[in-house]
A.B. asks: 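Would you mind keeping the following structure in view while I ask a few things?
Both ligands and their constituent atoms are indexed starting at 1 by order of listing. Note that the coordinates shown come from a computational prediction; the quantities given were computed from them, not determined experimentally.
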Amino acid sequence: MTPEQALEQAALAGIHCFQIPTPFAVGRVNCYLLEDEPLTLIDTGPNSGKALDELQSQLGARGHSIDDLELVIVTHQHIDHLGLVEIVVEHSGAEVAALGIAAERLANFGEDSEREDEFAVELMLRNGIPQEVAFALQSVSRSFRGWGSRAVVTRSLEDGQAMPFRDRVLQALHRPGHSPSDTVFWDEERKILIAADHLIAHISSNPLIARPLDGSSERPQALATYIESMKKTREMPAEIVLSGHGEPITDHVALIDDRLAKHDRRKEKIYKLIAEQPRSGYEIAQAIWGNVAVTQAFLTLSEVIGHADLLVNEGRVREVDDGEVVRYEA
Ligand SMILES: [Zn+2]
């Protein structure tokens, strides 16, 4: 099956992909209209006039308007996916479904983003990223915040919960890793998985380090969690995986195997760097990515720490804290 055929098949099942523009490097975000009862939109796109216009016109092309929407499903906490939720709900009165354990996070968007940024700055400083780089990234993040919005969850979902529609049942499954709240929606009868950013065909989903949903201050092992989640998805007999960005995936097992192998190679590369001499996360990122480790400091640091976590878990590497900066040592 080609990606085009997969989209056609999804459309025959009443699932229509809307590509909504974002101001981010990732490009357009895929939102999905579920023509069923209730009439459902899965993710909304970011909070911008342009995204709203596109959403309206793509709904219009299917004979609907925003006012007709009855349910909005939020797949995860990232602003390119949920920025329009508040506006859509104001217009339509739609219910909002999302993972219950993410509800508080989604409701306190503004305040919470501030705390997320503080967490990121502290993490960057602890891992050797210079103060000016960390603070510059913090202000970039603040400047993006307007593309997000709060979302008040009216239907809390639990991991594994079945959501009945007129024509189908979707099972909500928690698949944390890319973000702590990643949720995928499984149509077992049609073998269609709506996976958002849990799996993306053309780019590997970044296991971004984020604050735990329960508010604890412990740093989560985002990559280790993500690998566990991918292994669970690998076992599913999905024929079509509809993604949050780019084309549908028609062989998720091959894609996941490829990603797992890639993470394994990167882990060994990082191990070699650490075995040469003790290094901070920032030093490792610079050795691998050069200047990108500065411009994309948080992203690359998340990658490095994720792989270093795996090495720590395997007992091959340990963290040495000199009181200011954490270094990894073989
Ligand atoms: Zn995302």
A.B. asks: Which residues and atoms, counting only protein N, O or S, are under 2.8 Å from the Zn ion (ligand 1)?
C.D. replies: H76 NE2, H78 ND1, H178 NE2, D197 OD2

A.B. asks: Less than 3.5 Å apart, any donor N or O on the side chain of E35 or H64 sitting next to an acceptor on the other?
C.D. replies: yes

A.B. asks: Taking the six-membered ring for Trp, is the centroid-to-centroid distance between H198 and H178 below 6.0 Å?
C.D. replies: no

A.B. asks: Any side-chain donor paired with an acceptor under 3.5 Å for D43 and H81?
C.D. replies: yes

A.B. asks: Determine yes or no for a side-chain-to-main-chain donor-acceptor pair under 3.5 angstrom, with D258 supplying the side chain and A254 the backbone.
C.D. replies: no

A.B. asks: Does the plane of the ring in H307 sit parallel, tilted or perpendicular to the ring in H263? Use 30° and 60° as the thresholds.
C.D. replies: tilted

A.B. asks: Is the shortest heavy-atom distance from the side chain of L170 to the side chain of W186 under 4.5 Å?
C.D. replies: no

